Amino acid sequence: MIEIDTNSEKILSISNLTMRYGATNVLTGVDLDVYKGQIIGYIGPNGAGKSTTVKIMLGLVDGYHGNVEIFGQDISNGDNSYKQRIGYVPENAEVYDNLTASEYLTFTGQLYGMDESEAEYKAIRLVEKFGLGDVYHTRISAYSKGMRQKVLIIASLLHDPDLIFLDEPLSGLDANSVMIIKEILAQLAAEGKTIFYSSHIMDVVEKISNRIVLLADGKIIADGSFEELKQKNKEGTLEEIFNELTGFDQHKQIAEEVVSIVKEVGNNA
Amino acid sequence: MRNFLSLRILDRFQFIFRFLGIEYEMMRKILAMKLTMDQRRVPTIFNQSKNKETGNQFFKSLGLYALYGLILIPFIVMGDHYVFQMSIVFGISMFILMTSMISDFSTVLLDVRDKAILDTKPVKKKTISASKIVHVSIYMIQLTGAFALIPIIVSIFVKGILFGLIFILEIILIGLFIVVLTALVYIFILRFFNGERLKDIINYVQILLSVGIAVGYQVLIRSFEFVDLDVTFHFQWWHIFIPPMWYGAPFELILNQNGSKAIILFSILALIVPLISIFIYALLVPSFERNLQKLLNNSGDNKKKKLRVDRFWQKVMCRTKEERTFYLFAIRMMKQEREFKLKVYPLLGMSFIFPFIFVANFLSMESFGDLSNTKMYLTIYFINIIIPSIVHMVKFSGKYKGAWIYRATPIQDQASIYRATLKAFLVKLYFPVFFVTSIVFVSIHSFTIILDLAVVLAVAFLHTIISYKALNNELYPFSQSFAFAQETNVANNILMMIIGGVFAGIHFIASVIPFGLYGYLVILIVVNLVLWQKGFRTS
């Protein structure tokens with residue numbers, strides 16, 4: 001595990017971030033500082049506000065309160081040039097899939113300020129590395145889920161960003177591709193890139209993150225390296241720590257109840 | 001789930017389904033689910049917080065169909081040349097019903113989700129197919145009902161019960177015929193093609209059909225000779241290929257006691273063809289279901305497209321790098337997004353036909369020589385009528401969820417997004433229609449009208465930017481679900497179309513003033529330059 005070096009450059013700083021959708025408080029006060037080279041595993045139960053936090057930082061969602069600074073710049077100041085240095089893989093692989101990978105990648109590359117030829121040259125080689133070379137000019141709509149995911153990952157890295165937001169990036173990928181991505185993330189972090197990784201797959205988060213941030217009910221309830229969390233909570237795996245911190249210890253009981261309800265169908269018939 | 005009226009009516013006829021070996025209870029549940037889905041609309045990503053309009057969009061649209069239906073009334077009450085009048089009535093009906101069927105209900109016929117959701121359950125294949133047909137039929141009945149109810153009532157009062165009865169019977173036959181015909185066309189295509197290609201072909205057929213029916217309707221009118229409203233009907237062999245004429249025939253046969261061979265033949269066709277097509281459909285449905293699988297089959301070409309022409313225009317039309325990026329993106333979306341094409345290309349096709357309809361109308365009365373001396377070329381303004389509709393459509397896409405990239409990326413000049421998209425619309429969609437029509441008019445009127453055409457082109461640019469200001473509200477292009485495409489400011493849309501007419505009027509006035517057109521063109525160019533520069537407010 002890499003030690004958190006708080007002396008290095010502060011990439012991201014959130015203070016007292018709150019957000020409401022109508023009557024529901026999604027975020028109730030998030031404070032977080034992220035430093036260069038960290039891989040943040042951003043975890044939490046469904047509906048805890050993980051995606052909302054990420055979307056706020058990307059400027060996809062307006063109407064939050066509090067202060068969000070990225071690369072030392074307040075993102076609400078109207079200057080969106082900070083996005084130049086950000087890469088993003090959205091959840092659910094949302095993409096204009098009537099375009100081909102070639103068209104989509106050069107388009108997004110250009111939106112990040114690259115030249116078309118530069119984007120094209122880089123994209124085609126990355127696509128080859130991910131094994132998509134023979135479908136490069138095929139519409140993304142004909143891709144499998146894993147292939148779409150790879151396109152989105154390439155799109156997020158094409159412009160060599162310094163801060164990368166990944167929302168469940170491994171979904172649909174086969175075991176070999178997962179290994180490649182994990183290794184890529186580790187090497188990018190070693191190069192000084194900062195990675196913000198949200199996922200529900202605890203053993204992946206446990207392995208790749210050097211800092212884990214656990215969000216529940218709209219605020220951070222745990223923050224530290226896996227080792228630190230383990231010491232505090234006296235539990236073996238991140239999954240168990242997650243269960244304990246979110247106050248969840250009834251999985252056995254619920255499972256038993258579910259099974260007994262499932263079995264009822266036979267009785268009625 | 002609501003207990004739908006249509007299903008309660010269906011309950012009365014459940015014995016038929018049971019007799020056919022269909023699990024009625026299952027079918028009813030599937031239908032209830034489908035009807036509930038029809039009523040709900042997909043929320044859009046950026047509009048979540050804004051006013052969520054509740055209410056059934058579909059029933060509101062039925063009101064619109066009732067309004068369309070009023071068009072039929074004059075043709076019904078006009079006189080007693082039934083073949084003529086009723087052919088027009090049924091021509092219009094078939095046009096409206098078929099286009100709605102294709103544009104709104106193809107997704108039901110071609111729904112592949114059914115495979116994963118329903119086929120995996122212990123429900124008979126037959127039941128699933130039946131529920132599909134009943135679902136489409138319910139839609140068709142509601143649509144036809146809304147459309148034809150008022151004309152039917154009027155016809156009973158004006159023409160008597162017998163007329164009304166024939167009308168009702170025939171409109172039912174037509175409804176059946178259209179549902180089955182649409183399905184048959186899909187069956188035919190599905191047999192021979194594959195995957196992505198197939199989706200493209202269906203898309204083109206949908207577009208072609210929509211335009212084709214519009215043209216067919218014109219042919220229908222032209223197959224009669226107008227002489228002081230004294231319409232004479234001469235049977236010609238090709239009339240047999242115009243289905244609306246079949247349906248005009250029974251009125252002539254029964255009410256006018258016209259027993260000529262052609263009339264009898266047509267009347268028989270009117271009755272028999274829908275029944276035969278149902279039979280063929282029932283025969284082909286199993287292979288249809290099998291071939292539907294092809295829609296899930298992921299395969300496509302892997303060839304890089306050369307865009308020499310697009311690249312040329314990209315450089316001509318766009319100044320900044322950002323604008324060029326969005327220009328190419330918009331071009332590709334317009335070329336490759338099927339749902340967008342399905343909504344927009346038929347509009348283009350019809351606008352293309354309009355000027356020629358007027359020319360043809362003129363030629364049927366006057367000579368070609370007279371034509372070149374008129375200002376008939378001004379009918380080219382009919383092309384501009386579609387500008388507001390398409391500018392309005394540009395903010396929608398079937399793939400709207402990809403629109404997060406607009407906000408996640410560091411776009412410097414937000415104005416360039418829309419400026420580029422509108423330019424792409426003008427070059428990719430408007431120019432082809434405009435230039436082809438222009439060539440035709442130049443060949444009729446000689447090169448003296450080049451100045452006029454330049455004015456029309458300048459007006460098109462102006463019309464586009466004005467429509468954008470009136471209709472688009474700073475929404476990103478291709479960022480909204482088509483589910484919202486209907487609930488828009490109809491008043492503004494109509495106003496924008498009227499503006500098209502106003503432009504034509506100004507053009508006419510300018511053309512009678514000496515050097516008026518030169519002055520007008522200069523003014524247009526200046527206004528365009530200013531508006532295209534400053535018109536895109538950015539926040």
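Everything numeric in this text was worked out from a predicted model, so none of it was measured. So that the names make sense, note that chain A is the first sequence line, chain B the second, and so on, each numbered from 1.
For A:Ser102, the part lying under 4.5 angstrom from a heavy atom of chain B is the side chain only. If you measure heavy-atom distances from A:Tyr104 to chain B, the contacts under 4.5 Å come from the side chain alone.
Taking the six-membered ring for Trp and thresholds of 30 and 60 degrees, B:Phe478 and B:Phe329 have ring planes more than 60 degrees apart, a perpendicular arrangement.
A distance of 12.5 Å separates CD of A:Glu69 from CD1 of A:Ile11, quoted to the nearest 0.5 Å.
Counting heavy-atom pairs closer than 4.5 Å to chain A, the top-ranked of the candidates B:Arg324, B:Met333, B:Glu322 is B:Met333. Interface check for chain B: of the options A:Val61, A:Thr100, A:Asp62, the most heavy-atom pairs under 4.5 Å are formed by A:Asp62.
Under the 4.5 Å side-chain criterion, counting only non-hydrogen atoms from C-beta, A:Arg85 is not in contact with A:Pro161.
Residues of residues 145-157 of chain A that come closer than 4.5 Å to chain B, counting heavy atoms only, are A:Leu152, ordered by residue number. Against chain B, the residues from residues 106-121 of chain A that qualify, each with a non-hydrogen atom under 4.5 angstrom away, are A:Thr106, A:Phe107, A:Thr108, A:Gln110, A:Leu111, A:Tyr112, A:Gly113, A:Met114, A:Asp115, A:Glu116, A:Glu120 in number order.
Between B:Glu23 and B:Lys124 no salt bridge is recorded (no basic side-chain N to carboxylate O distance below 4.0 Å). Taking 4.0 Å as the cut-off between side-chain N and carboxylate O, B:Asp310 and B:Lys428 count as a salt-bridged pair.
Contact record, A:Thr24 with A:Tyr21: OG1-O, 2.8 Å, taken as the closest heavy-atom pair.
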From CA spacing to verdict: side-chain contact (heavy atoms from CB on, under 4.5 Å), A:Asp160, A:Lys122: CA-CA 10 Å; A:Asp160 190 24; A:Lys122 238 173 142 174; 4.1 Å; yes
Start with the C-alpha gap between A:Thr28 and A:Asn25, add the side-chain angles, then the distance that decides, and say whether side chain to side chain donor-acceptor pair (under 3.5 Å) holds. CA-CA 6 Å; A:Thr28 52; A:Asn25 289 309; over 6 Å; no
Verdict with reasoning, B:Asp413 to B:Thr320, per side chain to side chain donor-acceptor pair (under 3.5 Å): CA-CA 10 Å; B:Asp413 180 17; B:Thr320 67; 5.4 Å; no
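No side-chain donor-acceptor contact under 3.5 Å links B:Gln314 and B:Glu323.
Not less than 6.0 angstrom separates the ring centroid of A:Tyr88 from the ring centroid of A:Phe165.
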